[in-house]
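This report refers to the structure that appears directly beneath it.
Convention: sequence-line order gives letters A, B, ...; per-chain numbering from 1.
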Number of protein chains: 2
Amino acid sequence: MSAAKLLLVEDDPSLSELLEFRFKNEGYDVRATSDGDEALMLAAEDVPDLIILDWMIEGTSGIEVCRQLRRAKDTAHVPIIMLTAREAEDDRIRGLDTGADDYLTKPFSPRELLARVSAVMRRVRPALAGETIELGDIKLDPVAHRVERRGRTLQLGPTEYRLLKFFMESPGRVFSRGQLLDGVWGTESDIELRTVDVHIRRLRKAITVDDAKDPIRTVRSAGYSIEST
Amino acid sequence: MSAAKLLLVEDDPSLSELLEFRFKNEGYDVRATSDGDEALMLAAEDVPDLIILDWMIEGTSGIEVCRQLRRAKDTAHVPIIMLTAREAEDDRIRGLDTGADDYLTKPFSPRELLARVSAVMRRVRPALAGETIELGDIKLDPVAHRVERRGRTLQLGPTEYRLLKFFMESPGRVFSRGQLLDGVWGTESDIELRTVDVHIRRLRKAITVDDAKDPIRTVRSAGYSIEST
DNA sequence: CCGGGATGTTACAGTTTCACGACAATCGTC
DNA sequence: GACGATTGTCGTGAAACTGTAACATCCCGG
């Protein structure tokens, strides 16, 4: 099992402790800090899957943390849930403008926050519930970073792994080369569309076992997908 | 590529970027700009399926953009969702008067906007919302880019697929050859009218299964349609 | 029954798209 | 710094797809 990594940035010790306990109880891998600068460091050194960010914190302010997270390449697309003081209408506006994914107004019930977190996790990374994805005879364990097919461990390069995982997170769905570049390489990559073909080919080669049928479907003039069955 | 095309007009870079990312993540084909005049150009050159328009933008004002979009023939009935500052009751009224389809008051959660967009898309073109269209014994899944008939997967070429999808989005409606060229090939294609016949022929051949009856109806001296039953 | 316009069908040449192999640049590790 | 693994690009050839013309057939009003 393996858990989705949360970064909790909250400077009220009692609230922070409570939430940390609750989340760990739910099986999340939680790191907590009360300081904005430390939060940025932690996020940079081990990119979390979701960040819960209090508006009023020590060190760099919440909004500034948010902005810097968005600016850094690694964390640009990590979902952020902001915690704001109630009635602080302006904060909500600025928070969302700054790139937060969602916000919660204090006081809130921990259960509500848990629900939001779980909703975000489901949306962003269906696979990242920490469970291995299984598709036909292929098993992908995102935690161990390992892929098996018919009991045999496949030898995948980094890009091939990310590409396969991306496909397996949305079985059956057809992605254009552009979408694949965005999703697997990152939005700001500047790569030839045709290069995707080459990696598809490498992935196909790498997941070939015995006489098993190629699960990757080419959709002419549209893109690629992985067979959902 | 058959994703729904969104045009995002928003001049706050961070909000724009966030929304663009979220929408692309949902499979939409997004173009974004912060400038009103540029928005009009983009809309004219490749008509989007939905426009998200901030009230307060550079260049031509939001309301003016809205008006001009409505005035132009191509974009006259493209749905528009307006983003307005909070509490600006007057703006909301004027916005709707001007032809906006829906509006959202800042601050809003990105999730809320996604829900609205998806609702509008479902209403306008179900296939573009990612829903499968079913017509008689034919099932078309736009996400998987796959068409089935009586459980069998049909083998369609790119043009045949687009043609069939176009028909299935408006069951029963008769399209002239010119309308088909515009809708399936694009407005700037310069193709013989009679070429449509050939593709109709190819489509008919491709969707033939067993003794199933041909759902494509020829309307003499008018065009073609797909049987709504 | 006939004529003429409209549609169906076929063949084909030109174009587009994709799989594959090769190669140089880069990265990471020892 | 050296070595192997990984990565992005390009060229080639095969296969799929496309638009057009030519001919066959159908439909409808006289």
*Are any side-chain N or O atoms of S170(B) and backbone N or O atoms of R173(B), one a donor and one an acceptor, separated by less than 3.5 Å?*
no
*Walk along DNA chain D from 5' to 3' and tell me the first and last nucleotide with an atom closer than 4.0 Å to a non-hydrogen atom of chain B.*
dC17(D) to dC27(D)
*For R149(B), the option from D137(B), D214(B), D210(B) that meets salt bridge (Lys or Arg N to Asp or Glu O under 4.0 Å)*: D137(B)
*List the protein contact pattern of nucleotides 6-12 of chain C with one symbol per nucleotide (5' to 3'): B for base contact, S for sugar-phosphate-only contact, - for none; contact means a heavy-atom distance under 4.0 Å.*
SBBSBB-
*asked:* Rounded to the nearest 0.5 Å, what separates atom CG in L113(A) from atom CG in L8(A)?
replied: 8.5 Å
Which pairs would a plain distance check flag for residues 39-52 of chain B, meaning a side-chain donor or acceptor within less than 3.5 Å of a matching protein atom at least two apart in sequence or in another chain?
unit_1, atom_1, unit_2, atom_2, d
D46(B), OD1, K5(B), NZ, 3.1
D49(B), OD1, R125(B), NH1, 3.3
D49(B), OD2, K5(B), N, 2.7

*Quick one: does R177(B)'s side chain have a donor or acceptor within less than 3.5 Å of a partner on D197(B)'s backbone?*
no
*Are a donor atom and an acceptor atom from the side chains of R204(B) and T218(B) found within less than 3.5 Å of each other?*
yes
*Provide, to the nearest angstrom, the distance between the CD1 atom belonging to I216(A) and the C1' atom belonging to dC18(C).*
14 Å
_Restricting to non-hydrogen atoms, name the atom on G178(B) and the atom on L193(B) that form the minimum distance, rounded to 0.1 Å._
N-CD2, 3.8 Å
*F166(A) and F175(A) aromatic centres sub-6.0 Å*: yes
